[in-house]
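Written out below as structure tokens is the structure these notes cover.
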Amino acid sequence: MRVIKTIILLILFVYSFTNQAYTQDFSKIDKVVIDAGHGGKDPGTVGKNSQEKKIALAIALKVGKLINENLSDVKVTYTRSTDVFVELYRRAEIANKAKADLFISIHCNSVTSPRAIGTETWIMGTHRSAKNLEVAKKENASILLEADYSKNYNNFDPNSPESYITLSLIQSAYREQSMGLAEAVQSQFKNRVNRVDRGVKEAGFLVLVYTTMPSILIETGFLSNPEEEKFLLSEAGQDYIASAIYRAFRDYKYTIEGEKVIEVPIKIEVPIDTNKVQEKEEVNIAVEAAVATSDTTKTEVYFGVQFATRTSKVNIENSFEGVSDIWQYEQKGLYKYVSGKHLSFKDADKQKKIIRAGKYKDAFVVAFVNGQRVSRAEAEAMLK
Ligand SMILES: [Zn+2]
């Protein structure tokens, strides 16, 4: 009985936050809230020489600075810009009051093993492994330092698995867009900053559940890994991470607004390993041979409108209302549903507006080269 009561209270509580959200128009991305995790009496996780709250703040301020310097139409709001404690619900409240188009929360990870390495970006959802639940538990534990946490979060207990079942009943209205931004961040980390890609994941984060806009939580690396700790403590490392988040934000903004991405992403050059040079040459020969014998190796570039993601395969014929020309692709164990194959971003963008007018309010355009999901900038570079 107590559980049911908690569920009802929590749902009502979240709705009191989210009600106004459905009228907000996200076609222009010009207000972003950047949230440096922890602060003040809450150091977050700690490494041998580091505190999460300090690294998160340094990166957050750098991201904001890059946005201010390069995207003059965007207003940046911070949940904190100094070393102070801010309650999790307050952070969401700041974003909701600012009517932000995006909420980006910045954190660092740690586990007992010093070997774990890499970045991961989280969206609000149901955890699919005990490991994923642990990350959410750790981040939500900040509320234990808040004075009235049991009252403020309607008896949510960050350590009880039951509480997370309740939380997972609250479906985010902005799942697709959050996912789109999260994927852009991971792609930047991997391709431009050479970080180990641990992927986009889902779990119940309190700071995300109360926000009324697409929102992500970024774990920028493990302070428990000495090498990664050194990287995250360095000015250069923080600059790299911040610029990757900035570029992901910019690309996402341009994708949503239907603008051209001016800068074409260049992959970071990995030092050449002489053992691999031969392999590469063999591949080149194979590609040339294929080109000579057939023209089916021509690069195929197309754009579609992604409108749904499911954890298991569904029947395309009867699962989606009012969307035609549906096809599916699989990425990291998730099934993603796309409508249409267009030769230009512009055409896909037109179709996106039609789909958004129907049931799928947060549909967005995705780009493919030879069946591989790529960024819009990469696809457009191939078209040139
Ligand atoms: Zn954290």
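Please read these numbers as outputs of a predicted model, since none were measured by experiment. Note that ligands are numbered from 1 as they come in the structure, with each ligand's atoms numbered from 1 the same way.
- Taking CD of E378 as the reference point, atom CG of N191 lies at 6.5 Å (rounded to 0.5 Å).
- Checked against the Zn ion (ligand 1), the N, O or S atom of H107 at the shortest distance is ND1.
- Atoms NZ and CG, on K230 and N225 in that order, are 11.5 Å from each other to the nearest 0.5 Å.
- Aromatic ring centroids of F345 and Y302 lie 6.0 Å or more apart.
- Here H38 contributes NE2 and E139 contributes OE1, and at the Zn ion (ligand 1) these two atoms make an angle of 90°, given to 10°.
- For E52, the nearest N, O or S atom to the Zn ion (ligand 1) falls under 2.8 Å.
- Taking the centre of each ring, Y240 and F189 stay at or above the 6.0 Å mark.
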